Amino acid sequence: MNLTMKLMSKVESLLFVSGDDGLTNKQLAFLTDTTEEEIDGILRKMIQTYKEREDRGLEIKQLAGTFQFVTKEENVLCIQKLVENPTTQSLSQASLEVLAIIAYKQPITRVEIEDIRGVKSERPISTLSAKGLVREVGRAEGTGRAILYGTTNEFLQYFGLQDLSTLPPLPEDVSTDEMEDTDLFMTKFQEAFDPNE
Amino acid sequence: MNLTMKLMSKVESLLFVSGDDGLTNKQLAFLTDTTEEEIDGILRKMIQTYKEREDRGLEIKQLAGTFQFVTKEENVLCIQKLVENPTTQSLSQASLEVLAIIAYKQPITRVEIEDIRGVKSERPISTLSAKGLVREVGRAEGTGRAILYGTTNEFLQYFGLQDLSTLPPLPEDVSTDEMEDTDLFMTKFQEAFDPNE
Amino acid sequence: MSYEVKTEAFEGPLDLLLHLINRLEIDIYDIKMAEITSQYMEHIHAMRVLELNEASEYLVMAATLLSIKSKMLLPIHQDEEMEDDFDVQVNDPRDELVSRLIEYRKFKEAAHHLNEMEESRHLYYTRPPADLSGFQSNQQLALFELDVNVYDMLGAFQKMLRRKQLNAPLHTRVSKQDISIKTQMRNVISTLKKSGGKLSFYELFPSMDKMTIVITFLSLLELIKRQFVQVEQKSNFDELFVLLRKEDIDSEFDYEIDE
């Protein structure tokens, strides 16, 4: 009995680490130093136990000869919720960069932002608009009439600023062309907005 | 009772899919539509049950601030049979020293690290950042604006820590305090009698 | 006294001094300068194979030891003593060295604790988060798309190295072949092209061979530096994705790499 329990424990550990690859009964027998017959018996017992017990959220599924853990179907809703609601997190580095550029250089077009950053910036811009921190404030002159971006009132509130003039002054010698300088600029920016300060 | 079981099942499913990202009790409460208090109770119960039951190969641990499933230590040998190189490469003495200094003194510059060790430390620092255990966390004030280093989440994971406060206290030497006291005394003494002041 | 010296056993002059203090059973607060200096000299003499870089540090310490030793032989003039900078020394020329040694010893001990924690952490395993992209709609992808920095990617790589070790004996081993970073950069680009310009970070590492994984990673870093590709992450819970940024890169690519 004790040995059977220990074997179950090992099978649980092994199936857990093998993830989506799963393991065959042959592999399990090899890894736990036992016979395939014994593993078959153990797996049958485990499959049934997992299925029956209401406090278990996992099941063992056999797929193309390999056994693997899957979550119980009845818990699909809370997993769905996990996917849909990534934890409210602070802004990503890219978003912060774009936000800094918009804050100091507004009104500014996407192409100009991308020139400064040297990378495509569509997504951070749309993240920032979705979060209501930046918005379209007009159109540039000339062909294309590109969208001009600026910060919102929500931006001021979010960072506890009275108005745009209370943004910390931009260091004079910052050349945003160079990676290191951008980092430096970002550090200043983040320091300025650190909620702990 | 039935509800508690269902909640356990959900927590098991959620912890399983979130893997080594893990989830906080707050996130678990939100995802299962319940209170943090209830989740805390459930987690306590689950942590104990998993630990006690001999047929379970998993345990719940708090790593890098989140609850995660890990395999039981007693099964390490059969899991290592799955591993290509059973002797997991450990960090070198130099890397460990640098890491210890960064962990306890962060944020800290390379020069400050080298002052403590009395030896150049560029290589261990780059090894550590390549391993994702330390990262640049800012720039020092003043000329040069040297890079400041700090530890990462991966550092907490790697050493099985819940957060930085669970680091064992830095070995303190009582006698150092005594020495400092003497220095302080001498300084005061000299200040009092220095004819130049 | 003669004994064998293992250079790699010391993490610099302070480590060597601590070793000598221990071995000679010297009180760290009352270091016998003559004894420690001669032992230290003997050691660095035996350590001639040192890299130039490190050698200079050992030599600076030797000079420091000699200077302390000579200062201790001098009669103390009260007046001069008073004019000394307090930071350097108040009354004992050994003070600064002793406090450095004690400070260093603290971290050496802390490093030892970390080593023990590392070993016990090797006793249990976690698993990567499950791929939940099937649950996610395109709208959500757009909303939560957030870039990550190189540190996140290095962390992901590290995790992956640990993961990729699993299953190895159960698969046929990839035969070892030498591939250059340059070649692998081309491979990564063409793999990305084939899959429509976007691929999960982990899918770029199908091979179990550690060497290939490392080369692929280095080539990826190079591609990022040259802005051929970009790394993105949708959210906390999701995978890293590698995006192809420059479409028709072949000519430019060849030119740049070959230079």
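Lettering follows sequence order; numbering is per chain, from 1. Please read these numbers as outputs of a predicted model, since none were measured by experiment.
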Can you tell me if [X] has over 12 outside heavy atoms packed within less than 6.0 Å of its [atom1]?
| X | atom1 | answer |
| --- | --- | --- |
| Arg139(A) | CZ | yes |
| Arg44(B) | CZ | no |
| Gln106(A) | CD | yes |

For the residue pair [X] and [Y], what are the closest heavy atoms and their distance?
| X | Y | result |
| --- | --- | --- |
| Phe16(B) | Thr71(A) | CD2-CG2, 3.8 Å |
| Phe30(A) | Lys81(B) | O-NZ, 2.9 Å |
| Asn75(B) | Lys10(A) | OD1-CG, 3.4 Å |
| Ser9(A) | Glu74(B) | OG-OE2, 4.0 Å |

Atom pair [atom1]/[atom2] of [X] and [Y] - distance to nearest 0.5 Å:
| X | Y | atom1 | atom2 | result |
| --- | --- | --- | --- | --- |
| Leu77(B) | Leu31(A) | CG | CG | 12.0 Å |
| Ser13(B) | Glu59(A) | OG | CD | 9.0 Å |
| Lys72(A) | Lys6(B) | NZ | NZ | 8.5 Å |
| Leu28(B) | Leu82(A) | CG | CG | 9.5 Å |

message: Given 3.5 Å as the limit, does a donor-acceptor pair link the side chain of Glu12(A) with the main chain of Leu58(B), or not?
response: yes
- line: Contacts of Asp55(A) meeting side chain to side chain contact (heavy atoms under 4.5 Å, CB included) (sequence neighbours excluded), chain-then-number -> Arg53(A), Met5(B), Met8(B)
